[in-house]
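Working notes, beginning with the structure itself.
For the single chain, residues carry numbers from 1 onward in sequence order.
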Amino acid sequence: MKSRKILTSLLAAASAIAMFSSVPTTVSAASNSSKVVAAKADKAVTIKKIPRLSKWGYVVTVNSDSQPISLGKANYRKMLKDSEFRSKNTISPRKVKNVRFKVVRIAYAKHHNGALLYLITSKNNKYSTWTTNPSMKYYAFNSKALRGVTKPLNRISNRATAQFPTYENQKVSKKARDIRIKRNKRDFKLAVKAAKKLKGQQRKFVLASLKQAKKDGYITKLSLPLAYNILLWGIDQ
């Protein structure tokens, strides 16, 4: 399941590449070598703010397979401008399981094989790291209160990754597609119904996430739009 989750994340991230590709790459004018220019272009990284995710505040926790967590504000400030920065002063993600993080930046680079990287930080910037979305989840994702939401979402995910793999050479008949969409709609309604029973900020977050998921094609697309939806990062893919 874990490898399938990472694969799906990479495929979903590919849809976001266009957003980054329009940003010009800065290359030293002093070099006359086309090979040097090409090498620099390949290593170019675009880092952007991501209000769509950061507006929810400290709602993310890291999995044990996340990147090592850097310690201190000084390291955080360096990572704001450099997704490749790796501090020597780190802590294992296993030791920060109960710490909540906020998503503050997103980065894309060709040499990351199409994967989006996310810069997350805890309150007061005590802990920070660049990581991928399979290594994170909504802090209450596994709570009893969210089971009515997550179970039907998992069924939708399983249909996308098991029944209908997201490879270009896979052809899905109209009948099979229609059946899948019908089942997805049923499960999505169940998720929304359960979300409406939640309270406070959690209810607001989950309902908004579901609304965005529907808008992004979560019900009808063969691939899963995970890149910009924190709630979906915990789905078993």
Going through the checks in order, is the side chain to side chain contact (heavy atoms under 4.5 Å, CB included) test met by Val62 and Ile120?
CA-CA 9 Å; Val62 294; Ile120 58 175; 3.5 Å; yes
Would you check, one step at a time, whether the test side chain to side chain contact (heavy atoms under 4.5 Å, CB included) holds for Thr90 with Ile69?
CA-CA 5 Å; Thr90 62; Ile69 310 297; 5.9 Å; no
Hey, mind stepping through Tyr138 and Thr61 against side chain to side chain contact (heavy atoms under 4.5 Å, CB included) and telling me if it holds?
CA-CA 6 Å; Tyr138 177 52; Thr61 58; over 6 Å; no
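Across all non-hydrogen atoms, the minimal contact from Ser64 to Pro93 is O-CG, 3.4 Å. Contact record, Val45 with Glu84: CG2-OE2, 4.3 Å, taken as the closest heavy-atom pair. The shortest non-hydrogen separation linking Ile235 to Ser157 is CG2-CB, 3.1 Å.
In terms of the side chain to side chain donor-acceptor pair (under 3.5 Å) criterion, residue partners of Thr121 (sequence neighbours excluded) are, by chain and number, Asn125, Ser128. Among residues two or more places apart in sequence or in another chain, the side chain to side chain donor-acceptor pair (under 3.5 Å) test is passed with Ser87 by Asn75. Every side chain to side chain donor-acceptor pair (under 3.5 Å) that Tyr118 has, sequence neighbours left out, goes to Asn133. Annotation: salt bridge (Lys or Arg N to Asp or Glu O under 4.0 Å) contacts of Asp178 (sequence neighbours excluded): Lys174. Among residues two or more places apart in sequence or in another chain, the side-chain contact (heavy atoms from CB on, under 4.5 Å) test is passed with Asn142 by Lys137. Residues that satisfy the side chain to side chain donor-acceptor pair (under 3.5 Å) test with Ser209, not counting sequence neighbours, are absent from this structure.
Taking hydrophobic clusters as Ile, Leu, Val, Met, Phe, Trp and Tyr residues chained together by side-chain heavy-atom distances below 4.5 Å, Ile179 does not share a cluster with Tyr218.
We find the CZ-CG distance between Phe141 and Leu231 to be 6.5 Å, quoted to the nearest 0.5 Å. Atom OG of Ser70 and atom CD1 of Ile91 lie 11.0 Å apart (nearest 0.5 Å). Once rounded to the nearest 0.5 Å, the distance linking CD1 of Ile230 with CD of Gln212 reads 11.5 Å. Between the CZ atom in Arg86 and the CH2 atom in Trp130 there is a gap of 9.5 Å [rounded to 0.5 Å]. Atoms CG and OG, on Asn63 and Ser135 in that order, are 6.0 Å from each other to the nearest 0.5 Å. Rounded to the nearest 0.5 Å, atoms CG (Leu71) and OH (Tyr127) are 6.5 Å apart.
The salt bridge (Lys or Arg N to Asp or Glu O under 4.0 Å) contacts involving residues 144-157 comprise Arg155-Asp187, where partners must be two or more places apart or lie in separate chains. For residues 175-204, the set of pairs meeting the ring-ring contact (aromatic ring centres under 6.0 Å, His included) definition, not counting sequence neighbours, is empty. Residues in residues 210-219 take part in these salt bridge (Lys or Arg N to Asp or Glu O under 4.0 Å) pairs, two or more places apart or across chains: Arg52-Asp216. Applying the ring-ring contact (aromatic ring centres under 6.0 Å, His included) test to residues at least two apart or on different chains, the pairs with a partner in residues 49-95 are Trp56-Phe205.
Of the possible polar contacts, one joining the Ser54 side chain to the Ile50 backbone as a donor-acceptor pair under 3.5 Å is found. Using a distance-only test at 3.5 Å, with no hydrogens or angles considered, no donor-acceptor pair links the side chain of Asp82 to the main chain of Lys78.
When side chains are defined from C-beta on, Leu146 counts as touching Gln202, because their heavy atoms get closer than 4.5 Å.
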Expected list for residues 190-201: side-chain donor-acceptor pairs under 3.5 angstrom, two or more places apart:
none

Expected list for residues 94-106: side-chain donor-acceptor pairs under 3.5 angstrom, two or more places apart:
none

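If you run side-chain contact (heavy atoms from CB on, under 4.5 Å) between Asn184 and each of Ile156, Thr220, Leu153, only Ile156 comes through.
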